[in-house]
Each structure stands twice: as C-alpha cells, then as structure tokens.
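Working notes, structure below.
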Amino acid sequence: MTETMFGKAKVKAVGDLMRADENVVIIGGAGFGGLLHSKYVKPLFDEFDSRILRTPIAELGFCGMAVGAAIAGLYPIVTIGTGSFAFEAWPQIVNEAPNIFYMSDGKVKVPVMFQALGGIRISGAAQHSARPQAMLMQAAGLQIIAPSRASDVGPLLKAARESERPTFWIDHALLFEEQETGTPVKPPPLGKAAIVRPGKDVTIVGYSIDLIRCVKAAVELAQQGIDAEVIDLRTLSPLDADTICESVGKTGRLVVADECYPAASVASEVASIFTGKGFGLLKKPVQRLNFAAVPVPLSPPLEMHLIPRVDKIVAAAKGLMG
Amino acid sequence: MLPVMSRDQCLEAFRKMLLIRRFEEACIDAAAKQQVHGHYHVYIGQEATGVGVMSVLDKGDFVHSTHRNHGHLLARGADPDRALAEIFGRATGYSGGKAGTLHGCAPDLNFPLSSGIVAGILPISTGTAYALKYRKLPNVSVVFFGDGAMEEGAAYEALNLAALWKLPVIFVCENNTAEVERKPGGAQYHAPNMSIVELTDIARIMGMNTGIVDGLDMGAVWTAARDARERAIRGEGATFLEVRTHTWPGGQYPTLVTGRTDIRHTWNGEVPAEFSKHEKWFRRNDPVLSIARELLTLGMAKQAEIEKLDAEVTRAINEAVKFANESPFPPVEEALTHVWPH
C-alpha cells in the first residue's frame, strides 16, 4: 500500500535507506517528529537501535562528527531537531561540510544528510521557529532538499543519498500529518521541480509546508474559476529555474509562498529568475508572500497574521488576474 | 537548614517558594486548557534554589535564565499577573505576548530576556559581568541553567572566559536529576549525558571557586550564593555552583502524576495510595514541604499560619489566572513593532 501520510512516508524512506546499506547511520538527539509523533518513529528506532547514536545536546560536536564519519565511509543522517538548533552547529554545516569536496579538488567526499524541523511551528517564538534554508543557500557546495509530499520524500532522500553531496533536508514541524490525495506525480530527477497541479492562469510556487498551502489555495482558486499551476521546488539548492520559466511562459503570472524573511529569501531567488533567464515572461509583477522581517512572535494572533496563509495566496493570485 | 535570616525574611522566602509552586501548578492547569502557547517547563522541585540565591542579591545585580525561568522571575520579584499573561501570549505580559514561556523577561528587575537555547545564556551572563567590572560597579551577574547546558560548547567557552578574566559571575547549574546514578553517560534519563561525573570539576580545573549544594536546603543555597557574591565583589572572580534537586515525578511530560501540592503534607505523613510510588517525593524531596517542616520545627510558623499563607498565595495566583485570561491578545499591528530601537 502506498503511504499517504507525510510523516509515515518519511520514516519509511529513512528506514529504506538504512535497510539498503548498513553504513547508513543516524546521529542525533531528536526524532524525525515532535513528541506527538514519536509513536510513528519508534518502530524505526527499535529496528535500528544499534545504528542510532543518541547524542547529548551538542549540535556543533555531533554535526562535525557526522562530517568526519561521512569522510570515513558512513552515511550519517543527522537529526538536529528544531531548525533553530542548526545555528548551534553552523560552523560545521556551512563552513566545513560544503567546502571539503571542492577544496580537496574533488578528492574527499562528504556524503552526509542533516535533517531539521525548520519553520513556523505555531507558538515556538523567535528561538524555535527558524527557517535556515535561505541562509543555507549561501553555503556553496551544500545541497538543500525540501520534500513536502508523501510520494516524493522517498525518491528525494534516495536521490540525495546517491548524489553523495552534503545535503541539508529542510523538514517542517507541521508536515508530519499532512495527507497526500489524488494520484501522485512521478518524481522528477534530483534538482528538478515538480508540477503538482497543472494550470494555465497563474503559477504558484512553494516548497515544504508552503507547498501544502499553495495546493489548498489552488483548490479554492479553481472554485472561483482560476486555473492555477502549482510547482513544488523540491530542491532549493540547486534551484530549478527551467521548470518555473516554462510555467510562467504559459501563465505570465507568478505567486511564491515562502516562510523565510523577504530579503535574500527563497522567494526572492525565484523572483530573480525573471530579471535574467525569465526576463519578459511576466505579464504582472511577482507576488512574494514571505514572513515579515520581524523575529517570530509567540502570541498566536500575531504569528498567524504573519504566516503566508492560504487566504493570502488566494488573494495574491486573484490580484494578478484583474 | 533555613538561612541565617530573620523570621520575617524566612517567611518571605517561603512565601515566594509557595508562590512559584502555585504559579507552576496554574500553568499546568492552563496548558491543559490550551491557554499556554508552546511547550513549557516548570520549576517545581527547584524553588529553594532560585529563592535562596535571589535572597542574597542586590537590585543592581543581573539575573539570567533559560527555558525554565518562571521560578527565577518570581523569585526576583516579578509580578505574577504580568508573568502569567506573557505565558498566555497576552498584551499585558512582560513582553506584550511576543516572548512567552521560554523567554521570561523583567528588565526593571535587571532580568534581561531568558534564552531558550540551553547554554545560550552563559556567554551573555559573562558579558553583563564584564560590563559590571568595567564600569566598576559593586554588582554581580547570576546565571541559572540546567545540567543539560553543560553538554553544549558555549558553556565551556563562557566558563573559560569568566575564569580567565576573573569576572563577577555566579554560575548556578541546577541539576534536577540528583537521583540519577552518577556515572559517565548517566542512566536511563537523558541528562546528565556527560563523560564528566562531577560537573564542578570542569570549573575547578579552570581555577574557579566551586560548590556542590543540596537544593532541598535553602540555607545551604543561601550561604553558598552569599559567599560567591562576596568573593566576586572582592575581585576574586566567578563561582560555579551545582545545586542538586530531585526530578519532580509529575514533570515527565506529558504524564503529569502528582497534580496539586497539598500543603498539609507538611505535618500529615499520609501519602495518598495512588501516589505511593512517589512517597519519597512527599517525604523528602519536595523543597516546599521541607522548608515548611523546618519552619514548624523551629517554631517560626504554626500550622494555621502556613495554611493561611498558602491560601493567600493561592488567591493571588487565582487572580493572576483571571488577569491573564481577561487580558486581550495584542492587536495584530503589534507584530511589526519593536524590531529596531528607533
């Protein structure tokens, strides 16, 4: 049976990697979900108990260890926990791992996967809600994957593992229980975006939790007679400009939903395609939906006000149709 | 032992401990009603530490804390109404609802924003201490953190800097897992996750003053903190105290076992049958009950006075819950304010 719940599919995907190769290990103190989801993760941890290194609260140390272990023949999947905790390991993730292959003139590989539950998780406040992906896009040599659909997480993880690149898996705290409906799209190769809903009026681009919001927005827009094409970026580094250009070449309109802050964000990078390769394809200005440039507030009404909600995506797309 | 303080001071310290206990119990109740936003950490079982240390501090001293800050805030004298309102994400909270439970903050009490990263606050406390020394002020910085903070690199760097430059810091490591067998790697509980058995050894080899203190003994906490503060003011540098308490049996989220503290356990030895496996907690390991028993034994308070004090504190906390619940959420425009000072 095909797994439709994202969380279950990702646990299966990790398990598949481990079953296929005994040199795949887990290093980290966190599971692949929060406490509420530990029941789904427990069977994986039970099955591979001896291949899981449960760590102290020492992100800098164990992320660096994973880099070393990767150099020496293992494939570590490093569970960092909350995305904000990646900052505790920043020197190893951005200043060690991505440089080694290039600086060794292609001789020393670092096949490692860092995984963290990034994103606005609801009332995490400013220190537990980071979306480190845009900053990580500045680390040349680091691959960033961001699966959002149950049918895609397995293929994407497998492709990342086979790529032997140091990879950061931007996971999201709110994705775990998301259910995929309908016939899954055939996964494209690593580095290519996926068109998860074809349409002709407006292109809506998202990834991770924002992709879920984009799909919901497209359903609402369809009810209002607007045919949106939804693109799942899947990988942020590299970013697939071609698929986005093809879509916008057809629709002439673009909405991007991205929980990052506006400046130097995933959305701004997507928009920048249309100052170069995609120049002239747009009929209207790009609509970028980011989280406003303020530390994430705890209070629920303030937080909800700033999230790229479904209704905001709908409104942005409708605004382009006039 | 109770600290060497007057009866009034001892009773005030006990009142603060009770206030913290009732506040935390109210948080647990409120969380069950989805009024607490985000995951939270209570200070139950550690009240004698925060109150004991805070009793020796001066207004000009800095106090720093972590994710487990509710007790420190109240021990420093914060208003329970505003503290609880903050945890509820309301406009009347200390940070207008922007910070919440992990980030207790009362700048008017020299209590800057708490850090939600386990060792993140140690370097910051070292920095306020440096500023105090630089400005030649007769004050110290106190930083509270858990034993888990000692797993992170930032802790070691901060300790080294404080020791290297003889900065006026009191590092208070609250080890709330005293019952865990002390061996490398700890036992089944996740902390301590350390190769070092005695946490004070780390600071000792850096040349710092150290002490291991029983967190059930407010007098011992008080004495150790007073001595540490005096040394720091004399220019003799930082002190590292490990204060040991026992894990509150109700604290293992999400299973809350013991519910509300019945203050009559102070003199009534009966432990309810359903809690018999936690008998040790009621008889020995609950600092609130321990201090109450000392007050009784020393004749500083009678049963009726303790019950009256508890009733007053409970009433104050009920008022705080009402205040927090009746306070509005901040208007959405507030989300965009205070990004920059000007």
Side-chain angles (χ1 to χ4, degrees), chain A residues 28-31 34-39 53-65 80-92 117 120-130 173 261-263 291-307 309, chain B residues 34-40 66-67 85-91 93 95-103 113-120 146-157 185-186 190-195 253-254 327-340:
Chain A
L35 285 168
L36 293 172
H37 301 126
S38 54
K39 65 180 177 209
L53 194 57
R54 292 174 179 80
T55 56
I57 312 166
E59 294 86 357
L60 180 61
F62 69 71
C63 285
M65 259 185 74
I80 292 172
T82 298
S84 299
F85 300 166
F87 297 139
E88 303 304 308
W90 211 245
Q92 290 293 335
L117 296 164
I120 316 284
R121 70 182 195 192
I122 306 303
S123 293
Q127 268 188 327
H128 290 78
S129 303
Y261 294 126
F291 196 92
V294 305
V296 179
L298 169 102
S299 194
L302 304 192
E303 189 180 39
M304 281 312 291
H305 182 62
L306 301 176
I307 289 172
R309 300 183 313 261
Chain B
Q34 274 75 49
Q35 290 163 332
V36 173
H37 304 288
H39 69 301
Y40 67 103
T66 61
H67 54 285
E86 183 58 37
I87 292 165
F88 283 22
R90 307 302 170 114
S95 300
K98 282 176 171 162
T101 167
L102 301 183
H103 307 286
L113 191 70
S114 304
S115 172
I117 304 297
V118 291
D147 43 313
M150 297 306 294
E151 299 172 14
E152 270 194 339
Y156 295 80
E157 297 188 25
H190 69 274
N193 230 329
M194 301 287 295
S195 58
Y253 179 86
S327 293
F329 281 106
V332 292
E333 306 81 63
E334 282 298 315
L336 302 175
T337 62
H338 296 125
V339 179
W340 311 111

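We name chains A, B, ... by the order of the sequence lines, and we start the count at 1 in each one.
Of the two parts of Val332(B), the backbone and the side chain both hold a non-hydrogen atom closer than 4.5 Å to a non-hydrogen atom of chain A. Proximity to chain B (any heavy atom under 4.5 Å) is restricted, for Phe85(A), to the side chain, taken from C-beta onward. Contacts of Thr337(B) with chain A are absent, with no heavy-atom separation under 4.5 Å from either backbone or side chain. Heavy atoms of Ala58(A) lying under 4.5 Å from chain B belong to its backbone as well as its side chain. Interface remark: Glu303(A) contributes no atoms to any contact with chain B (heavy atom separation under 4.5 Å).
Note that the OG atom of Ser299(A) and the CZ atom of Arg90(B) stand 7.5 Å from one another [nearest 0.5 Å]. Taken to the nearest 0.5 Å, the CG atom of Leu336(B) stands 6.0 Å off from the CG atom of Leu306(A). The CD atom of Glu86(B) sits 7.0 Å away from atom CG of Leu298(A), with the distance rounded to the nearest 0.5 Å.
Between His103(B) and His128(A), the angle of the ring planes lies from 30° to 60°, which puts this pair in the tilted group.
With chain B as partner, the option from Pro300(A), Ser84(A), Pro295(A) having the largest number of non-hydrogen pairs under 4.5 angstrom is Pro300(A). When the candidates Gly93(B), Ala91(B), Ser115(B), Gly96(B) are compared by the number of heavy-atom contacts under 4.5 Å with chain A, Ser115(B) comes out ahead. Of the listed residues (Pro331(B), Pro330(B), Ala154(B)), the greatest number of heavy-atom pairs within a distance under 4.5 Å of chain A belongs to Pro330(B).
For the pair Leu102(B) and Gln127(A), the minimum side-chain heavy-atom distance is 4.5 Å or more. For the pair Glu334(B)/His305(A), no side-chain contact is recorded, criterion being any heavy-atom separation below 4.5 Å from C-beta on.
In terms of heavy-atom proximity, Ser123(A) sits nearest to His37(B) at OG-CB, 3.2 Å.
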